[in-house]
Amino acid sequence: MIQALAVRLFTERGYDATTVTDVAEAAGVSPMTVYRHFPTKEDLVLVDRNGPLVAERIAASSAARPLVRRIGGALVDAAATLTGGGRPDDPTAGEKFLLARLRLMISTPALRARHLDNHYALQQAIVDALGDDVTDPDAAFRARAAAGACLAAMHTALVRWAEDDGRTELPGLIAQALVAAFGADVVDIGRSGEENPRRHGEGGGS
């Protein structure tokens, strides 16, 4: 609830013009309560469930699958979950909230800088989720390279999604970006609610 109110205030008034005290007053709590859950102002926008969702799906995937396919599939699945529709008991669920956060991250310099930190944290979370499959330095290096490339493709899709005002389904856009970067076999075809990337004729490297 606090995060949902913060994002709304930042959107309406501007990120720099809105203080943590403003957010606390709108939520009916003390600034200390806000800081207990969100240690910095930037966290009110940047904190999300994407990292744990991606890590969970990678850990559950088969080690026999290629790295990029495991990571790409996890990114698409996590996006489908996060944009799967808001619930009355969770104002931070659904694509409307995610789109508002993304617009703030793109338009606010302080958030863009912190977003890069989150990118590195997600990259490490992906490597950690691979567990015993990346125990030696060479395997860890390959995993970081694969994760970084997949995250770059995802970032391109996120920017496009924001530019399109969320009119295109985000999981499908991420799948298209992955296909453009790695070829048509990088993502599973026929995921529920996902556009078939092969239909667009995109398949760099295929």
Side-chain angles (χ1 to χ4, degrees), residues 1-57 74-126 128-129 147-148 150-171 173-174 177 193:
M1 183 268 289
I2 291 173
Q3 188 178 28
L5 283 170
V7 169
R8 190 187 75 190
L9 290 176
F10 293 152
T11 300
E12 293 174 350
R13 304 180 185 178
Y15 178 81
D16 293 328
T18 307
T19 67
V20 172
T21 299
D22 294 331
V23 173
E25 290 177 351
V29 299
S30 69
M32 186 60 68
T33 297
V34 176
Y35 282 120
R36 188 178 303 122
H37 295 283
F38 303 94
T40 70
K41 181 180 175 181
E42 291 92 344
D43 289 331
L44 284 163
V45 177
L46 295 173
V47 167
D48 62 25
R49 296 182 293 135
N50 191 46
L53 284 172
V54 172
E56 176 185 288
R57 281 155 177 74
L75 294 176
V76 171
D77 283 350
T81 298
L82 291 172
T83 59
R87 302 191 308 269
D89 62 333
D90 185 0
T92 66
E95 63 180 23
K96 184 176 180 180
F97 176 77
L98 182 59
L99 188 59
R101 288 180 56 245
L102 181 58
R103 285 173 175 152
L104 286 167
M105 283 186 270
I106 291 172
S107 63
T108 309
L111 293 173
R112 285 202 300 270
R114 276 289 308 276
H115 180 59
L116 183 60
D117 290 340
N118 278 18
H119 177 97
Y120 288 130
L122 180 54
Q123 184 183 39
Q124 187 58 49
I126 288 170
D128 292 343
C150 288
L151 290 175
M154 183 183 74
H155 177 74
T156 302
L158 287 169
V159 172
R160 173 66 180 274
W161 190 58
E163 291 172 347
D164 284 350
D165 197 29
R167 286 188 291 268
T168 306
E169 290 188 358
L170 180 58
L173 278 177
I174 295 174

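We use all heavy atoms of the structure for the numbers below, so side chains are in, but hydrogens, waters and symmetry mates are not.
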Does [Y] offer a backbone N or O that forms a donor-acceptor pair with the side chain of [X] under 3.5 Å?
| X | Y | value |
| --- | --- | --- |
| Asp43 | Thr40 | yes |
| Asp48 | Asn50 | yes |
| Ser30 | Thr33 | yes |
| Trp161 | Leu99 | no |
| Thr83 | Ala79 | yes |

Of all the heavy-atom pairs spanning [X] and [Y], show the shortest one and how long it is.
| X | Y | value |
| --- | --- | --- |
| Thr168 | Asp164 | OG1-OD2, 3.7 Å |
| Leu102 | Leu158 | CD2-O, 3.0 Å |
| Ala153 | Ala177 | O-CB, 3.3 Å |
| Ile2 | Ala27 | CG1-CB, 4.1 Å |
| Ala152 | His119 | N-CE1, 4.3 Å |
| Ala78 | Leu53 | CB-CB, 4.0 Å |

Sub-4.5 Å side-chain heavy-atom contact between [X] and [Y]:
| X | Y | result |
| --- | --- | --- |
| Leu98 | Leu170 | yes |
| Leu44 | Val7 | no |
| Asp77 | Val54 | no |
| Arg112 | Ile106 | no |
| Thr156 | Arg160 | no |
| Arg57 | Thr81 | yes |
| Met154 | Leu122 | yes |

task: Give the C-alpha distance, both sets of side-chain angles, the deciding distance and a yes or no for side-chain contact (heavy atoms from CB on, under 4.5 Å) between Thr18 and Glu12.
output: CA-CA 9 Å; Thr18 307; Glu12 293 174 350; over 6 Å; no
message: Under the criterion side-chain contact (heavy atoms from CB on, under 4.5 Å), I'd like the reasoning laid out for Met105 against Leu46: C-alpha separation, chi angles, the key distance, then a yes or no.
response: CA-CA 8 Å; Met105 283 186 270; Leu46 295 173; 3.3 Å; yes
task: Assess whether side-chain contact (heavy atoms from CB on, under 4.5 Å) is satisfied between Glu169 and Glu95, documenting all intermediate values.
output: CA-CA 9 Å; Glu169 290 188 358; Glu95 63 180 23; 5.8 Å; no
- request: Inspect the surroundings of CZ in Arg114 and state if more than 12 heavy atoms from other residues, nucleotides or ligands are less than 6.0 Å away.
  value: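 For Arg114, atom CZ is crowded (more than 12 foreign heavy atoms under 6.0 Å).
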Distance in Å, [X] [atom1] paired with [Y] [atom2], rounded so as to fall on 0.5 Å steps:
| X | Y | atom1 | atom2 | result |
| --- | --- | --- | --- | --- |
| Glu42 | Leu104 | CD | CG | 12.0 Å |
| His37 | Gln3 | NE2 | CD | 11.5 Å |
| Glu56 | Arg49 | CD | CZ | 10.5 Å |

task: Validate the cation-pi geometry between Lys41 and Tyr15: distance from NZ or CZ to the six-membered ring centre under 6.0 Å, angle to the ring axis within 45°.
output: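 Ring-cation test returns yes.
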task: Tell me, with the steps shown, if His155 and His115 meet side-chain contact (heavy atoms from CB on, under 4.5 Å).
output: CA-CA 11 Å; His155 177 74; His115 180 59; 4.1 Å; yes
